[in-house]
Amino acid sequence: MASDKGPSAGDATLRRRIQSWEFEDFFDPRELRKETCLLYEIKWGRSRRIWRNSSKNTTMHVELNFIEKFTSERHFCPPISCSIIWFLSWSPCWECAKAIREFLSQQPSVTLVIYVARLFQHMDQQNRQGLRDLINSGVTIQIMRPSEYDYCWRNFVNYPPGKEAHWPRYPPLWMKLYALELHCIILSLPPCLKISRRCQNHLTLFRLNLQNCHYQMIPPHILLATGLVQLPVMWR
């Protein structure tokens, strides 16, 4: 049942929640906003307590801000595992991907799962390799789906009264297109998604450019999920 008062005044995370307009601006998959927002949660060992907070770019990228803050404030006990989940408005660039891998290599008890709303400069080969290196090192990377948007809205956003379930309903097509491109990155395939911006009317345009290698290596259900792809007929 939706709350008539928004998040409870006694909610310990209330002061760390972002405003609804910030969430809508940062995490809209159709917008190419330059700044990055990070929503994160940390869980230690078998404890049910989850620490949630948010961060934005400063003079450093938001991923580096997190690593610096985390390592400076926490004293690790090797036997205790630490589970971290990130919700990022942009995927990490190659330099941040390298820093993340170095951080995880120094903290073997830490596991990291990353959900992203958009892929940052995904045509850049260094950024593509950076994401592959992260995945190969054990980091899980996925595109945010409606369930993740709903989760973030309820747990990280100071939503208006009575709007607990009213997260912004972004068109699922953009999520599916980014998911398709992420598969291309993971499989070391050429980019299949081209993104451009019309400054006059502020429209973000997506165009698919599928090659034979995409049809051959990407699972058919991923291609068909976009609703924009018809698989070629194979004649015997």
Side-chain angles (χ1 to χ4, degrees), residues 1-20 22-23 26-27 36-58 60-92 96-117 131 133-161 163-168 175 182:
M1 182 180 295
S3 169
D4 293 331
K5 300 180 181 179
S8 169
D11 187 338
T13 70
L14 187 59
R15 65 182 178 84
R16 300 193 296 271
R17 288 174 178 255
I18 64 173
Q19 298 304 310
S20 57
E22 291 181 292
F23 182 74
F26 275 106
F27 285 88
T36 303
C37 179
L38 167 63
L39 309 175
Y40 62 87
E41 56 184 39
I42 304 172
K43 185 177 180 228
W44 293 89
R46 297 181 180 180
S47 172
R48 295 185 178 181
R49 183 177 180 181
I50 298 175
W51 170 265
R52 295 188 178 97
N53 210 336
S54 63
S55 180
K56 302 180 183 69
N57 284 0
T58 56
M60 299 190 301
H61 285 189
V62 69
E63 299 93 330
L64 303 182
N65 285 335
F66 174 91
I67 292 171
E68 183 178 272
K69 179 179 175 65
F70 187 82
T71 54
S72 65
E73 294 182 355
R74 299 290 176 180
H75 297 284
F76 291 96
C77 182
I80 300 179
S81 62
C82 177
S83 174
I84 301 174
I85 299 179
W86 285 0
F87 300 91
L88 275 166
S89 58
W90 283 109
S91 63
C96 287
K98 181 180 178 182
I100 294 167
R101 287 192 295 112
E102 291 174 352
F103 161 67
L104 293 175
S105 69
Q106 296 168 6
Q107 311 296 342
S109 63
V110 174
T111 59
L112 176 63
V113 175
I114 303 177
Y115 293 95
V116 300
L131 294 180
D133 290 342
L134 274 180
I135 293 170
N136 291 334
S137 68
V139 176
T140 298
I141 302 178
Q142 294 183 18
I143 300 298
M144 289 180 66
R145 300 160 298 181
S147 57
E148 280 78 47
Y149 280 101
D150 179 40
Y151 182 85
C152 287
W153 179 263
R154 293 172 184 268
N155 292 285
F156 292 96
V157 177
N158 186 15
Y159 51 80
K163 301 295 184 180
E164 182 180 81
H166 289 248
W167 60 274
M175 306 174 201
L182 181 57

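When a residue number appears, it is its place in the shown sequence, counting from 1.
- A distance of 11.5 Å separates CZ of Arg49 from CD1 of Ile42, quoted to the nearest 0.5 Å.
- Atoms NE2 and CG, on His61 and Leu88 in that order, are 11.5 Å from each other to the nearest 0.5 Å.
- In this structure Glu22 satisfies the salt bridge (Lys or Arg N to Asp or Glu O under 4.0 Å) test together with Lys56, sequence neighbours excluded.
- Residues meeting the ring-ring contact (aromatic ring centres under 6.0 Å, His included) test with Phe26, sequence neighbours left out: none.
- In this structure, Ile67 CD1 and Gln107 CD are separated by 10.0 Å, a value rounded to the nearest 0.5 Å.
- Looking at heavy atoms from C-beta onward, Cys152 lies out of side-chain contact with Val157 at the 4.5 angstrom threshold.
- In this structure, Phe156 CZ and Leu38 CG are separated by 8.5 Å, a value rounded to the nearest 0.5 Å.
- Partners of Asn53 under the side-chain hydrogen bond (donor to acceptor under 3.5 Å, both in side chains) rule, at least two apart in sequence or in another chain, do not exist in this structure.
- For the residue pair Cys37 and Ser89, the shortest heavy atom distance occurs at N-OG, 2.8 Å.
- Every residue meeting the ring-ring contact (aromatic ring centres under 6.0 Å, His included) condition with Phe66, not counting sequence neighbours, appears here in chain and number order: Tyr40, Phe70, Trp86.
- No side-chain heavy atom of Trp90 sits less than 4.5 Å from a side-chain heavy atom of Val62.
- Pairing each heavy atom of Arg101 with each of Ser137, the nearest pair is CG-OG, 3.8 Å.
- With sequence neighbours excluded, the residues forming a side-chain contact (heavy atoms from CB on, under 4.5 Å) with Ser147 are Arg145, listed by chain and number.
- Annotation: side-chain hydrogen bond (donor to acceptor under 3.5 Å, both in side chains) contacts of Asn57 (sequence neighbours excluded): none.
- Residue pairs satisfying the salt bridge (charged side-chain N to carboxylate O under 4.0 Å, His left out) criterion with at least one member in residues 38-48, sequence neighbours excluded, are listed as follows: Glu41-Arg52.
- The side-chain contact (heavy atoms from CB on, under 4.5 Å) test applied to Thr140 returns Val113, Gln142, not counting sequence neighbours.
- In this structure, the side chain of Arg17 engages the main chain of Arg154 through a donor-acceptor pair within 3.5 Å.
- Remark: Ala117 pairs with Phe27, Met144, Tyr149 by the side-chain contact (heavy atoms from CB on, under 4.5 Å) rule, at least two apart or across chains.
- In this structure, Trp44 contributes its side chain and Trp51 its backbone to no donor-acceptor pair below 3.5 Å.
- Taking Pro146 as the reference, Trp167, Met175 meet the side-chain contact (heavy atoms from CB on, under 4.5 Å) condition, with sequence neighbours excluded.
- For the atom pair CD1 of Ile114 and CD1 of Ile100, the computed distance is 4.5 Å after rounding to the nearest 0.5 Å.
- Between His166 and Tyr159, the closest side-chain pair of non-hydrogen atoms is not below 4.5 Å.
- The two residues Pro92 and Leu134 come nearest to each other via the heavy atoms CG-CD1, 4.3 Å.
- Here the shortest heavy-atom pairing between Ser83 and Thr111 reads CA-OG1, 3.6 Å.
- The shortest non-hydrogen separation linking Leu64 to Ala99 is CD2-CB, 3.4 Å.
- Applying the 6.0 Å contact sphere to CD of Glu102 captures more than 12 heavy atoms from other residues, nucleotides or ligands.
- In this structure, the side chains of Ile141 and Ser91 stay at 4.5 Å or more apart for every pair of heavy atoms.
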